[in-house]
Trainee: 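Attaching a single structure in structure tokens format; questions to follow.
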Amino acid sequence: MLRPYSPRLLLLLPTVTYRTVAFVEAARRLGVDVTVASERPSTFERANPTGLVTLDFADPAHAAVQARTFAYAHPVHGIVAVDDDTAVVAAAIAQELGLRGNPIAAAAAARDKHQQRQLLAAAGVAVPRFELRTIAADPERLAHGASYPCVLKPLRLSASRGVVRADDPPGFVAAFRRIKAILEQPDLAECGDWAGHVLVEEFVPGREVAVEGLVTQGSLRVLAMFDKPDPLDGPFFEETIYVTPSRLTRTAQEDIAACAQAAVRALGLREGPIHAEIRHNDRAAWLIELAARPIGGRCSGALRFGNGGSGLGAGMSLEELIIRHALGMELPTVEREHQASGVMMIPVPGAGVLREVRGVDAAQAVPLVEEVVITMHHGQMLVPWPEGSRYPGFIFARGDTSEAVEAALRAAHARLEFLTEPAD
Amino acid sequence: MSAEVRITAEPIDNGRCKFLVSEPVHAGGVRRFASPDEARGSPLAEAIFAIPGADVSEVIVSGNLVTVVKRNPAPWPAVGKAVGQAIRVALAAGLPAVASKPAAAGSATADDVLYERVADLFESQVNPMVARHGGRVELIDVQDAVVMVRMAGGCQGCGMADVTLRQGIEAMLQQHVPEVKGIVDITDHTAGSNPYFAAAKK
């Protein structure tokens, strides 16, 4: 008997992503055939050559050639990337195979904070004033020419790794040296020219929100707007709480959505998910960063689409929505559920080797808390920001109001205790 | 039994959630229940199938792990708390929460045959493959043609464990033992101390 037609999704999953289960299980629920592509070979690749493939994520052009070879034998109908680097690879493959996707230049610009700033500024999108500096420069000399307060950041690292605020020249020098040390680590120093530079930009005060959106033919649909109730004023920029819906005024939210749409247009993004960080103050909505990928970590668990019942689309995950879009399938809904929802990226409590986490049950018992996930393993190193980029876990809550959700997240976090030992 | 039973919920997705219990729920291997009828005589499974509005389709109990599958697309909180309550009540009763696996009937014999074939596949192909990443996959049981596995070593807590499960093991089962209807991972991945690929926020 002939098997019913099922489109094939090429899912680009770096081996260090948190997103594996969410995307693989979403694809299964949709009944699509999945090929998982990673940068390192699976031990099952020979046993399942249609379901697993290794692509050169470090070289998008090469990956596109590899994908074309694969697609000759196993036609591909859609492609999904989950992080900044694979977003560029996905764009190259989409162009090669004629799939729905972004132009390569647009995805590349979204990945690089300096290129992004240049394009946005040229298009009139409000961005902080910025300058590109080489890490070989003399920081004391640079510090005298800088305006304060300012923020120093690497061009590509994610999760605010290496992002430091400086309020004066000594602070600038200290921040510069700290970022330089991060960028000179062996795993980064080999990554290319970007690791030899630092972006120095004006610190923009204001309330920060995260925008989750889906772009179709260049037009942005805002799927969710998350408030970040903990002020991100530095010196480091470790994320904590995201809560949606936003409590900003309707006008402020419209300004933010317009800013995100203008940034999408300026970068030339055409298709797929975006995640943007935007600050809002009495002067404007300021585009801090926009990535051509969905929200990171486990945070997508805070998003559900459709309301009630058991009809098509009820309780749909962000990953299902993204896969449907990539394959050109019907989108039953893009309306977020009616309930308020939030996630806390659990802050790193301090440097050390994780030995035990206490209070998880007590945290889960807090009303409105749905889940407490500890993602770090015992024996793993906890590294605080700005050098670190891994949260020890995530807390999720849902409730009638954003205020109640935020309070539940804080109450749950207060019940957690992390026991660590100094590293050898 | 200790005074406080601690239960950690670990949703896999909207339909499936693992509940890790601080003490054993069922020491006699794995029991899988695919309907309320099958759950009769096992108080915990009966109680979970009876949770109003959850539309539970499957309960799997093994050691200190209870896996629940539901059809209702709503998120887990309400159902999860009811499952936790059912587990606490079942343990507090002081009686077996889950009855032992019934002695061989027709379907059990078929499962036994499948078990042998799957075990052969695991020994000859699956485990040599995952061993290259320091991993191991243990065949726990086959019930109603559903295979239950537990991952260890480099697989336990690995960021790519679900890819190994779905694109590797499940695909091999479809090819070599097509009578298998599904595969369930009953691993406590949060306890993995040496995953081959550790995840980071991206």
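These values consider heavy atoms only, across backbone and side chains, with no hydrogens, waters or symmetry-generated copies. Sequence lines set the chain letters: A, B, ... in the order given, protein chains first and strands last, and positions in each chain run from 1. Note that the structure is a prediction, hence the values are computed from the model and not measured.
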Trainee: Taking N48(A) for the side chain and G168(B) for the main chain, is one N or O donor matched with an acceptor at less than 3.5 Å?
Mentor: no
Trainee: Using a strict 4.0 Å threshold on nitrogen-to-oxygen distance, state whether R16(B) and E25(A) make a salt bridge.
Mentor: no
Trainee: Side chain, backbone, both or neither: which part of M129(B) has a non-hydrogen atom closer than 4.5 Å to chain A?
Mentor: both
Trainee: Charged N to carboxylate O under 4.0 angstrom, E170(B) versus R28(A)?
Mentor: yes
Trainee: Which region of T50(A), side chain (C-beta onward) or backbone (N, CA, C, O), has a non-hydrogen atom less than 4.5 Å from a non-hydrogen atom of chain B, or is it both or neither?
Mentor: neither
Trainee: At a heavy-atom distance under 4.5 Å, which candidate from H378(A), R29(A), R398(A) has the highest pair count against chain B?
Mentor: R29(A)
Trainee: Got a second to check how far T375(A)'s OG1 is from H189(B)'s NE2, nearest 0.5 Å?
Mentor: 14.0 Å
Trainee: Does any heavy atom of chain A fall under 4.5 Å from the side chain of P195(B), the backbone, both, or neither of them?
Mentor: side chain
Trainee: Using non-hydrogen atoms and a 4.5 Å limit, figure out which bit of Q125(B) sits close to chain A: side chain, backbone, both or neither.
Mentor: neither
Trainee: So for R40(A), is it side chain, backbone, both, or neither that comes closer than 4.5 Å to the heavy atoms of chain B?
Mentor: side chain
Trainee: Is the CD atom of E417(A) crowded by more than 12 outside heavy atoms at less than 6.0 Å?
Mentor: yes
Trainee: Locate the shortest heavy-atom distance separating Q175(B) from A47(A); write the atom from each residue and the value.
Mentor: OE1-O, 3.9 Å
Trainee: Look up atom CZ in F44(A) and atom CZ in R166(B), then write down how far apart they are to the nearest 0.5 Å.
Mentor: 13.5 Å
Trainee: So which part of R6(B) gets closer than 4.5 Å to some heavy atom of chain A, the side chain, the backbone, both or neither?
Mentor: both
Trainee: Is it true that, when you exclude E179(B) itself, more than 12 heavy atoms of the residues, nucleotides or ligands shown sit nearer than 6.0 Å to its CD?
Mentor: yes
Trainee: If every non-hydrogen atom of D361(A) is compared with every non-hydrogen atom of I7(B), which pair is closest and at what distance?
Mentor: OD1-O, 3.2 Å
Trainee: What pair of heavy atoms forms the shortest contact from L368(A) to K81(B), and how long is it?
Mentor: N-NZ, 4.3 Å
Trainee: Quick check: closest heavy atoms across L13(A) and M160(B), and the distance to 0.1 Å?
Mentor: O-CE, 3.9 Å
Trainee: Side chain, backbone, both or neither: which part of Q174(B) has a heavy atom under 4.5 Å from chain A?
Mentor: neither
Trainee: Side chain, backbone, both or neither: which part of L165(B) has an atom under 4.5 Å from a heavy atom of chain A?
Mentor: neither
Trainee: Measure the NE2-SG distance between H377(A) and C158(B) for me, rounded to the nearest 0.5 Å.
Mentor: 8.5 Å
Trainee: With only heavy atoms counted, which part of V373(A) is less than 4.5 Å from chain B, the side chain, the backbone, both or neither?
Mentor: neither
Trainee: What part of P49(A) gets within 4.5 angstrom of chain B, counting heavy atoms only: side chain, backbone, both, or neither?
Mentor: neither
Trainee: Looking at Q167(B) and V34(A), would you say the former's side chain and the latter's main chain have a donor-acceptor pair under 3.5 Å?
Mentor: yes
Trainee: In terms of heavy-atom contacts, does CG of D400(A) have more than 12 from other residues, nucleotides or ligands at under 6.0 Å?
Mentor: no
